[in-house]
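Letters A, B, ... mirror the listed sequences (proteins, then strands); counts begin at 1.
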4 protein chains.
Amino acid sequence: MGDFVKRQELYDDKPREECGIFGAISATEPVGYLTYLGLFALQHRGQESAGIAVGDGRAMDAKRGMGLLTDVFRDGLPELKGDKAIGHVRYSTAGASIPVNTQPLKVGFSGGNLALAHNGNLTNVNALKHELAGKGAFFHTSMDTEALVAIIVSADKQAIEEKIVESMRKVEGAFSVVLLTDDKLVAVRDKFGFRPLCIGRLADGWAVASESCALDAAGAKFVRDVKPGEVVVFTRGGQRPESFFFAAGTKEAAHCVFEYIYFARTDSIIDGQSVYLSRIAMGRELARENPDLKERVDAVFSVPDSGTTAAIGFGMESGVPFLEGLNKNRYVGRTFIQPTQQKRDVGVRMKLNPVRPLVEGKTVAIVDDSIVRGTTSGKILKLLRDAGARELHMLISSPPILYPCYYGIDTAVRKELIASTHTVEEIRQYIGADSLRFISLAGLRRALDAGDSGAMCYACFNGDYPLWPKDQPDGRQAAESGETCQCRGEGK
Amino acid sequence: MGDFVKRQELYDDKPREECGIFGAISATEPVGYLTYLGLFALQHRGQESAGIAVGDGRAMDAKRGMGLLTDVFRDGLPELKGDKAIGHVRYSTAGASIPVNTQPLKVGFSGGNLALAHNGNLTNVNALKHELAGKGAFFHTSMDTEALVAIIVSADKQAIEEKIVESMRKVEGAFSVVLLTDDKLVAVRDKFGFRPLCIGRLADGWAVASESCALDAAGAKFVRDVKPGEVVVFTRGGQRPESFFFAAGTKEAAHCVFEYIYFARTDSIIDGQSVYLSRIAMGRELARENPDLKERVDAVFSVPDSGTTAAIGFGMESGVPFLEGLNKNRYVGRTFIQPTQQKRDVGVRMKLNPVRPLVEGKTVAIVDDSIVRGTTSGKILKLLRDAGARELHMLISSPPILYPCYYGIDTAVRKELIASTHTVEEIRQYIGADSLRFISLAGLRRALDAGDSGAMCYACFNGDYPLWPKDQPDGRQAAESGETCQCRGEGK
Amino acid sequence: MGDFVKRQELYDDKPREECGIFGAISATEPVGYLTYLGLFALQHRGQESAGIAVGDGRAMDAKRGMGLLTDVFRDGLPELKGDKAIGHVRYSTAGASIPVNTQPLKVGFSGGNLALAHNGNLTNVNALKHELAGKGAFFHTSMDTEALVAIIVSADKQAIEEKIVESMRKVEGAFSVVLLTDDKLVAVRDKFGFRPLCIGRLADGWAVASESCALDAAGAKFVRDVKPGEVVVFTRGGQRPESFFFAAGTKEAAHCVFEYIYFARTDSIIDGQSVYLSRIAMGRELARENPDLKERVDAVFSVPDSGTTAAIGFGMESGVPFLEGLNKNRYVGRTFIQPTQQKRDVGVRMKLNPVRPLVEGKTVAIVDDSIVRGTTSGKILKLLRDAGARELHMLISSPPILYPCYYGIDTAVRKELIASTHTVEEIRQYIGADSLRFISLAGLRRALDAGDSGAMCYACFNGDYPLWPKDQPDGRQAAESGETCQCRGEGK
Amino acid sequence: MGDFVKRQELYDDKPREECGIFGAISATEPVGYLTYLGLFALQHRGQESAGIAVGDGRAMDAKRGMGLLTDVFRDGLPELKGDKAIGHVRYSTAGASIPVNTQPLKVGFSGGNLALAHNGNLTNVNALKHELAGKGAFFHTSMDTEALVAIIVSADKQAIEEKIVESMRKVEGAFSVVLLTDDKLVAVRDKFGFRPLCIGRLADGWAVASESCALDAAGAKFVRDVKPGEVVVFTRGGQRPESFFFAAGTKEAAHCVFEYIYFARTDSIIDGQSVYLSRIAMGRELARENPDLKERVDAVFSVPDSGTTAAIGFGMESGVPFLEGLNKNRYVGRTFIQPTQQKRDVGVRMKLNPVRPLVEGKTVAIVDDSIVRGTTSGKILKLLRDAGARELHMLISSPPILYPCYYGIDTAVRKELIASTHTVEEIRQYIGADSLRFISLAGLRRALDAGDSGAMCYACFNGDYPLWPKDQPDGRQAAESGETCQCRGEGK
């Protein structure tokens, strides 16, 4: 059987989300367990590590570990029964995934205990850490999280909300934060609102979460999104939170469009828009933008699961029947051994298998959400071709990704983005499609039009960055020259 | 957070498949790894344990363990590089899941090494074991597998194929078997062909598998199904197999209908019928049998994933749009902690969450494949009701299950089968649907009509058992009185 | 730090014992736990695996695993609360240590349940297995244990004691056995009494054990040793056992002398002789045989721990002060990483360190129990030499080992026995001692004279084998030519 | 078998050492592996956790974990190949043993990377932490280690040696420290020299260690002890270290006497005295102080292993033969299950078993090193009594422990120290000895007289504390009233 290698993942041709965060406060409900439920619904946002911190007003207990939520808490939650909790799930990367980089981070400071978890990517963190070290500070980790804590704790104010408002003015980047002190739960969202964060009402308290699906899971009723630049302070479960702003907020709002295209769960509603209906609308746009396919194709398939909703939308608009032409093995994602020599083919064949009677001799459209490096699409089309497909028309529910993201999304560096170095025709040839059609940026905007589309960040498609990363002196050049982007630290 | 319990599974309202088996022979291909690939595609047939045995003509190496295939073989396959291999995945039960009950079983006998794995349930095994023990035999396990080996090995013939033909005449029940000796790979299917087994061609050899999707995964080209009562002997990869029959075979064929309804993967073709197209046809039948719903419902949902294909079929026939109204959390299935008091509600909420904008104020049809105990359907309908659904019409793509199975399917005992003790109207009330419609047995037969529908076993729907289990002296009464069925041993 | 290797053990220059066994019967005492206690006191006889089987008259529950007793039963004993139990610990080898070779073996047979554990090595097992296979038997393992079970179960008698007596007449080799049926605990010792086995009285029952120290640990009072060729049957805890003989017994007795020299614990009394006093007597003999050392050496050290008691005896007889000149690191024995290049020196330095003030400028005697390959002695003497010793006189409390053992002791094959291929003077030079003195065979006999010294097996010293191993056709030649001995199977 | 409990340890009647530390610097030798070797020789000083940090001038890599050294580094050392390393082993307590409290602690600060490990107990750490927190500092752990790092890093000096000298003037307590920066290895010992620390020469570098036995293990040649109040700075392996003093040093020296009595390994030489010869001398003193026993006792035993060397000394002085009357099970120390009801007796019986022929009808002296709570001595004497001993005379090689330790030794709080609340006669009755004789304080001083006995701390025997713990406002009262001592934090 030869020489085997283990591959953590069979597919790596998708943008990666960074993290999911959750918080709960209630004197009567099991806040630690509600956080567990909430994080379980956010597991798609991060599978590398998980953690929960619980506070009861005096003590604070944190438990963190590598792996899925259910693995980390196999033997139970933090033992403390408290009235406030926060939690975190972190995404999985190949390299620097080490236990010390788990969240929430818990420390003791002059005000007692403090725990913090965040989602996103600071863009001036090196400068801020350098400044603090000059004053005698030291750092256990290279996480943005510890830098955030240091900046907040050392702020020259007394109350925690003042410390936060003061220090958030200095911090640049994309960040949604939940923070726990002995007597408060605080939610913070950067001034552009890059990463999502919303508030829900518990029977006797409050919850905050990266996505509304986590509120549903915890039994909380959605109230509203945290606003860009807002600091929301929850002091008691039975009492309305207080709100502070460290930035003007909504005018500059630049919500990440990829939450709608790929990251978020379809049952979430983010900044006023249903993720499910957005994807149906993207599929409809694709149908409208490609009227020739209506007559031409026998069926529309999706690349499961991320392309499915848009494929259904395409079917609804065009009248072409949606069929599950590719069976997805539900056990993929686990460590899989394979002989080094056969690496190329086995991966995709393990994950997807054509339903031959739907493919043989047929002309089909296949919908996927995005193409990053382009490595996977070709393999999928080959599977279908080998199963006897006559014509294969690839539809992508996002425009070509031309620019890297500095706000916490691990898309490839620019030179690895296939669309930034190749024409659509070149990509079509590379993946072996009979035709390749991306949704237009205008079409995507229309699909999101039901909501506040003007407030989206489309930088990865059009290079229009709301905020330039200070940690990269020659950043724009880097982006343009295709150099490796250094701005993604360990702690995002 | 109180008192937590761990639940292996959140859902247990489905019939359980027993096992998946695979075998490969080739002098030049990596048979152990091909078996690994094949079993990975059969993982849905059993998650409790996995094992692979490899032989090279002289030695035989087996590796088995509890858990998913990828867990059992995390550190590599059996080290022997051989030219023949068989493998097995076994389903997960709550109780008697112990390491000793893993397959393939490997022994030494007068003819050298022998390994055997099987799928199914023997119905006269107690009598056969009793007879052997009287002659000085002893048993390490209570598995049917060991009994099968003992019966075959002690048969008064010389060649292994003769031993098998001789002994299979004595063994009653449902069984598909793969067997390895130092120089042969053998595939056997009981005379009714209850459980599936098919043959594929490797580049330089042969493969056998429970389902054709496993042939695809291993890169084998489907050739034909093993016939009821057939023993197929593969001696060399480059040479055609020999075929022996211990029973007349096809006339009595009684293929399990639940493979098409629920168990098998949609990309498999079993005994000449596409599983995917069968389910689309069931959905179409449901639409034809319930024409009133066409105008009445806004959308058709499925209970994911098992009801999805039939729901799409319903949508195709009726014109009602198919939408994914229930989001399924892809991380469900792992050990989940929960407070004992809240057990009731958390389970289903963790797994499924309504996509609220699709549900609120809407009348919808929901398609599921079967109702066994009826415990889950009610919870799902309540979720949708709580999300604001106006009317909920439940459609089931199998008829009511009235009788227990003695051929290896772990449906409940009769008194736990809700349909055997309640009317459809009572079930409708119990699950809280506005209407409840099962497919008719005639409709199901029509959906399967493209193939050889006469050769199906519908015993769970109509009590027409092809073979009465000897191990249950008062068996029929048991079935009729609703007593617990003892015929399901540990080893199936 | 380079390239590391893991070494299971740092030292491998000692003969290896095979196993320890224990059994208990009592209606009122916790027999499973008493077996655990007894095995813990026998852990020195085997560290590779451990197992316990418990029976209650109807059911039988066995738990086995790789590793130390405390690791195997970390999560508790077999759950069954019974009135009879047996247990086993097995030694650790580099190669064939696999889970399937753990004991006790538990099977079902015509008489119900049966469990068996044994210590020793059968010498005609291949022939016996061949005969059984011809009658349709098959074997799950290559262990002698399974062969023993097969031979007993297939014996043409009804009662278990009759089956045992009948079959033990056919089995050749060294074996002490404990066996459990649903209603009996049976102890068996081969007709030479190679391996030890003794009986103790519990408050309300009986215990059997490889060594009397295990009876002490379980709170049993030593009664007597099982006699060579004896089958002792315990039916009820409150009732005296019945005794059967399958061989004349004591006349031929050939107890293993290495139990007294090295294997057994000093607090055990075996076949009437105190292990501790035997070793003191060996040390005294060494002093009497080497009167020149009395004036010459400043102190006597031991190679800890195995040489310590004889060193104390030497000190008592000679008046030379016994001092602990070598500190032994109590944490040795665990997996230790080391760079491949430095393998040579690190091992012994990690285990032993000289107490420099006792060594510097001193002439010392060092006592060890035996030299097998001679690889370690040289390293130890070098340590002392490097610490400044003036003269080093090595004393060995056993004669040179010239012949391999066929009765269950894993001494090296003949060509690896340094004393069988080198003169004492050559060995002295090889290990770098100023003088090297082995106890004489006559001196060893005198040291054991207090007991029944005529009944010992001294074959490894004088080649006088009580029984020739049938499984080795050209056995004697093999022994004499230095060929690898094949008689040590996996299951001893 | 009933209800089982797991006990981490069977014995807890000994004072506990805190930690062992080690450091190495060399451009050509494998410093990480040498640290591993050194720590292995210090394992007796701490079994709870272990860690190693390696630096190469730019990067620093640390690996830490719970458990024994060999467990923590089972899969290899830190990957970085550097020229400097430090390491740590930490003792095992029942309660607060959590992963976050492992050492060395590694941080980034304005000067680059810094790692620190220490042995001892700070006595004014709460005040120092409070002061730092007021300036915006925060703490991840409650370890003294992190406080030490914070104090050093925040010192208003530039060079690390200046920061250390400056800050060590503020820190009170017992501490031996090894510290690593990107370009230096530093060793520090508190001004009383409570805990040991010595310097050795590597072939091409330097090593520092808690005990000289660790220098031996790493192949380093002992050079000298670090002086009280000294900071030794190693910059290059090939270059002599620089020395700084933050306190006058040796005049106040107060080395812990328990290192010689119990903690240190017998092959270590600490502050000029051989541990082995000190213990022999204590045994001789016991013989001289108790001349009546010379004629009265048949033999002298020890409580193995801690009493053995003194017992040998007693035998040498008195002429009474030293014999190993108690066999110690070498596998004790691992997790052991036992039925709750039987907890009392099983523990000691599992660990020790009398060698009956040495005990029956005999009058014996038994030597142990100390009595803390007195719980174990009675059990041991009962074992011997039950084995038939006639008279049992208990000898203790330390005086009665009357006062708690504030310098890092976990003796009981005062009210649990049996000698502080009972007369010797009461203790004799409690443990069931025929006589009980402690060494006199004068005798102990004489035994240590070969070295610099005036420089010892005997506070646990005479209450003469060199330094009063600030963290305990009412400390002396506490000590005198028998209140629980709060000064032992998690990080010592």
Margin query: Taking side chain as everything from C-beta outward and backbone as N, CA, C, O, which of these in B:Leu105 sits under 4.5 Å from a heavy atom of chain C? Side chain, backbone, both or neither.
Written below: side chain
Next item on the list: Answer whether the closest heavy-atom distance between the side chains of C:His140 and B:Glu146 falls below 4.5 Å.
Entry: yes
Check: Any side-chain heavy atom of C:Val149 within less than 4.5 Å of one from B:Phe138?
Finding: yes
Check: What are the two closest non-hydrogen atoms of B:Ser110 and C:Ala133, and how far apart are they?
Finding: CB-O, 3.5 Å
Checklist line | Interchain contact, B:Ala150 with chain C, by part (heavy-atom threshold 4.5 Å) | finding: both
